[in-house]
Amino acid sequence: METQVHAEDRIAQAIERTKDPALARELLREVRRLAEKFVEVHGRPASFMEVCGSHTHALAEFGIKYALRDVLKLVSGPGCPVCVTDQQEIDAMIALADGEDRIITTFGDMLRVPGSRGSLMKAKAEGRADVRVVYSPSDAVEIAQKNPDKQVIFLGVGFETTIPVLAAAVYEAETLGLENFSMWMSGKLVEPIMRYLLDTGETRIDAFILPGHVATILGRKGFLWLAEEYGVNGVISGFEMNEILSSLYILLDLVLKGKAEIVNNYPYVVREEGNPGAWKLAEKYFMPVDMAWREIDVIPKSGMDFRPEYAHFDAKKRFPVTVGKPKPTACRCGEVIRGLIEPEECPLFGKACTPAHPIGPCMVSSEGACAAHYKYLRQ
């Protein structure tokens with residue numbers, strides 16, 4: 001009962017924090033009305049998947065997921081790049097840190113992600129590795145400049161939003177003529193994983209809340225295939241409460257009308273064409289490659305890695321590591337990121353697996369579904 005009171009308080013407080021609380025209350029009423037109508041027509045709640053970890057956390061933090069839980073199913077998908085990275089690759093990145101004369105640089109999320117034999121944080125704490133958290137890949141380039149006697153390796157994990165930033169760092173290192181900078185590239189592409197989910201049909205998806213950040217690169221046009229080939233709706237959404245509520249309203253209206261459209265509900269940030277310049281820079285250094293996703297088969301052309309002519313920046317080529325098969329655990333992150341289960345359905349959630357003692361990346365990452373549920377929706 002206490003959790004329910006807290007969740008109800010959460011949405012009330014979130015509404016009051018918006019610039020227009022009256023609009024937020026009206027949007028919430030209208031979303032509920034349309035969601036109830038969908039239940040009346042179809043005999044079940046509509047199921048919308050978000051493929052952005054920031055949306056996952058916003059839906060939980062604002063209390064929207066809880067407030068609509070009886071009439072609308074909001075499913076977390078593969079929106080966290082760290083969470084979807086294959087465990088064997090995580091193990092390899094952690095093993096990479098054990099080499100001498102090198103500095104591993106990474107975003108903060110990677111530091112505590114558990115591998116089969118420890119984590120980067122553990123390696124750093126034990127003095128076995130020089131691991132440094134940076135806020136930008138360019139910071140890693142700067143570290144390489146200041147440490148010419150060390151090899152500086154950046155762990156480049158991210159979706160389309162991050163990949164051009166990674167390319168910019170490589171460009172910077174190339175321009176500076178740095179020979180002691182390299183990157184372990186693990187870029188992920190949204191379209192192949194969305195197609196995988198739709199093709200397998202293992203998760204019921206009536207529509208997608210499309211990632212606003214990724215859409216700044218791909219544009220609305222980058223998601224038209226979803227409606228044209230699959231007849232599935234998508235709304236590109238911002239991250240404020242009223243933006244998310246209005247996106248849910250648009251999706252419910254579309255699915256009730258039986259339309260298939262891609263709507264840009266984030267127009268002041270996302271352009272129709274996206275950002276071709278940024279992607280052109282990404283494609284200068286990287287190319288699509290087959291990639292394994294956590295507890296998912298290798299998906300063809302679903303990742304981005306270095307082009308052969310830039311192998312001198314490729315940490316996988318320069319510092320090859322061999323790791324065995326990951327140790328099996330009862331962690332069900334793989335099912336969480338495919339929308340098959342809610343985090344609470346994992347037997348480890350909130351017990352053996354907590355933010356203080358994570359077993360899987362979904363509990364560690366700031367974009368992970370388990371972390372969002374633990375912080376905002378835990379009962």
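All heavy atoms count here, side chains included; hydrogens, waters and symmetry mates do not. Quick caveat: nothing in here was measured; it's all calculated off a predicted structure.
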Could you walk me through whether V31 and I64 pass side-chain contact (heavy atoms from CB on, under 4.5 Å), step by step? CA-CA 10 Å; V31 168; I64 296 173; over 6 Å; no

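- Its side chain outside the 4.5 Å cluster rule for every partner, V39 clusters with none of the Ile, Leu, Val, Met, Phe, Trp and Tyr residues.
- Under the side chain to side chain donor-acceptor pair (under 3.5 Å) test applied with S76, the options E342, E367, E50 reduce to a single match, E50.
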Evaluate the criterion side-chain contact (heavy atoms from CB on, under 4.5 Å) for residue pair L248 and I250; output intermediate values, then yes/no. CA-CA 5 Å; L248 294 177; I250 292 168; over 6 Å; no

Go through the steps for F107 and V82 under the test side-chain contact (heavy atoms from CB on, under 4.5 Å), then give the verdict. CA-CA 10 Å; F107 292 136; V82 172; over 6 Å; no

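- For the atom pair OG1 of T56 and CG of L74, the computed distance is 9.5 Å after rounding to the nearest 0.5 Å.
- When the ring pair (Phe, Tyr, Trp, His ring centres under 6.0 Å) test is applied to F48, no partner is found at least two apart in sequence or on another chain.
- In terms of heavy atoms, A169 sits closest to V141 at O-CG2, 3.5 Å.
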Step-by-step side chain to side chain donor-acceptor pair (under 3.5 Å) determination, E174 to Y285: CA-CA 11 Å; E174 182 182 35; Y285 296 103; 2.6 Å; yes

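- For the pair H57 (side chain) and S366 (backbone), a donor-acceptor distance under 3.5 Å is present.
- Here CD of Q151 is found 10.5 Å from CD1 of I104. Values are rounded to the nearest 0.5 Å.
- Counting only residues at least two apart or in different chains, salt bridge (Lys or Arg N to Asp or Glu O under 4.0 Å) contacts with residues 94-113 comprise D98-R128.
- The structure places CG of L59 at 5.0 Å from CD1 of I209, a figure rounded to the nearest 0.5 Å.
- Here the closest heavy-atom approach between residue V255 and residue A207 is recorded as CG1-CB, 4.2 Å.
- By the rule that hydrophobic residues join a cluster once side-chain heavy atoms approach within less than 4.5 Å of another member, I217 and V165 end up as members of separate clusters.
- The hydrophobic cluster analysis finds Y135 isolated: no Ile, Leu, Val, Met, Phe, Trp or Tyr side chain comes under 4.5 Å of it, directly or through other members.
- Remark: side-chain polar atoms of T200 are paired, donor with acceptor, to backbone N or O of Y196 under 3.5 angstrom.
- By the 6.0 Å contact criterion, NE2 on H312 is enclosed, its count of non-hydrogen atoms from other residues, nucleotides or ligands being greater than 12.
- M110 and V321 fall within a single hydrophobic cluster, where Ile, Leu, Val, Met, Phe, Trp and Tyr side chains are chained together by heavy-atom contacts under 4.5 Å.
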Let me check something: any side-chain donor-acceptor pairs from residues 175-191 under 3.5 Å, sequence neighbours excluded? List them with distances.
from : atom 1 : to   : atom 2 : distance (Å)
T175 : OG1    : Y171 : O      : 2.7
N180 : ND2    : A144 : O      : 2.9
N180 : ND2    : N147 : O      : 3.0
N180 : ND2    : K150 : O      : 2.9
W184 : NE1    : E89  : OE2    : 2.9
S186 : OG     : E89  : OE1    : 3.2
S186 : OG     : E89  : OE2    : 3.3
S186 : OG     : K188 : NZ     : 2.7
K188 : NZ     : T85  : OG1    : 2.9
K188 : NZ     : S186 : O      : 3.1
E191 : OE1    : W225 : NE1    : 3.4
E191 : OE2    : R195 : NE     : 2.8
E191 : OE2    : R195 : NH2    : 3.0

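- When ring centroids are compared, F286 and F313 stay outside the 6.0 Å threshold.
- Between I337 and C362, the shortest heavy-atom distance links the atoms CG2-SG, 3.8 Å.
- Taking 4.0 Å as the cut-off between side-chain N and carboxylate O, R332 and E335 count as a salt-bridged pair.
- A salt bridge links K257 to D253: at least one charged side-chain nitrogen sits closer than 4.0 Å to a carboxylate oxygen.
- Taking hydrophobic clusters as Ile, Leu, Val, Met, Phe, Trp and Tyr residues chained together by side-chain heavy-atom distances below 4.5 Å, I193 shares a cluster with V51.
- To the nearest 0.5 Å, atom CG of residue L281 and atom CD1 of residue I163 are 11.5 Å apart.
- In this structure, C353 and I359 approach most closely via the heavy-atom pair SG-N, 3.2 Å.
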Please tabulate, for side-chain N and O atoms in residues 232-241, each donor-acceptor pair with protein atoms closer than 3.5 Å (sequence neighbours left out).
from : atom 1 : to   : atom 2 : distance (Å)
N233 : OD1    : E261 : N      : 2.7
N233 : ND2    : K259 : O      : 2.7
S237 : OG     : S247 : OG     : 2.9

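- Interatomic distance, L252 CG to L72 CG, rounded to the nearest 0.5 Å: 5.5 Å.
- Within the structure, salt bridge (Lys or Arg N to Asp or Glu O under 4.0 Å) pairs that include any residue of residues 199-228 comprise R44-D206, E202-R338, R220-E272, K221-E273 (at least two apart or interchain).
- Both tests pass for R69 against the ring of Y66: distance under 6.0 Å to the centre and angle within 45° of the axis.
- Between K316 and D305, at least one side-chain nitrogen of the basic residue sits less than 4.0 Å from a carboxylate oxygen of the acidic one, meeting the salt-bridge criterion.
- Checked by atom type and distance alone, the side chain of T105 pairs as donor or acceptor with a backbone atom of I153 at under 3.5 Å.
- Under the ring pair (Phe, Tyr, Trp, His ring centres under 6.0 Å) criterion, F208 pairs with no residue at all, not counting sequence neighbours.
- Take Q87 and apply the side chain to side chain donor-acceptor pair (under 3.5 Å) test, not counting sequence neighbours, and it matches D91, R294.
- Here the straight-line distance linking atom CZ of F154 with atom CD1 of I103 works out to 14.0 Å at 0.5 Å rounding.
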Could you please spell out the steps behind the side-chain contact (heavy atoms from CB on, under 4.5 Å) verdict for R307 and E283? CA-CA 9 Å; R307 293 184 178 278; E283 291 182 322; 4.3 Å; yes

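- The hydrophobic clustering, which links ILVMFWY residues whose side-chain heavy atoms are closer than 4.5 Å, places V131 and V364 together.
- For the residue pair A97 and L120, the shortest heavy atom distance occurs at CB-CD2, 3.8 Å.
- With sequence neighbours excluded, the residues forming a side-chain contact (heavy atoms from CB on, under 4.5 Å) with N242 are T18, D20, L23, A24, L27, L245, listed by chain and number.
- Checked by atom type, the side-chain pair D290/S302 shows no donor-acceptor distance below 3.5 Å.
- Under a 3.5 Å cut-off, the side chain of N264 and the backbone N or O of V270 do form a donor-acceptor pair.
- V323 belongs to no hydrophobic cluster, as no Ile, Leu, Val, Met, Phe, Trp or Tyr side chain comes under 4.5 Å of its own.
- Among residue pairs with one or both ends in residues 26-39, those qualifying as salt bridge (Lys or Arg N to Asp or Glu O under 4.0 Å) are E26-R29, E30-R33, R32-E36, R32-D70; sequence neighbours excluded.
- In terms of modelled atom types and a separation under 3.5 Å, the side chain of T216 and the main chain of H213 share a donor-acceptor contact.
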For side chain to side chain donor-acceptor pair (under 3.5 Å), just list the numbers for Y376 and K65, CA-CA rounded to whole Å, side-chain angles, deciding distance to a tenth of an Å, and then say yes or no. CA-CA 10 Å; Y376 302 115; K65 183 162 183 168; over 6 Å; no

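- Cluster membership for L155 and L166, using ILVMFWY side-chain heavy atoms within less than 4.5 angstrom, is not shared.
- Between F349 and C370, the shortest heavy-atom distance links the atoms CE1-O, 3.5 Å.
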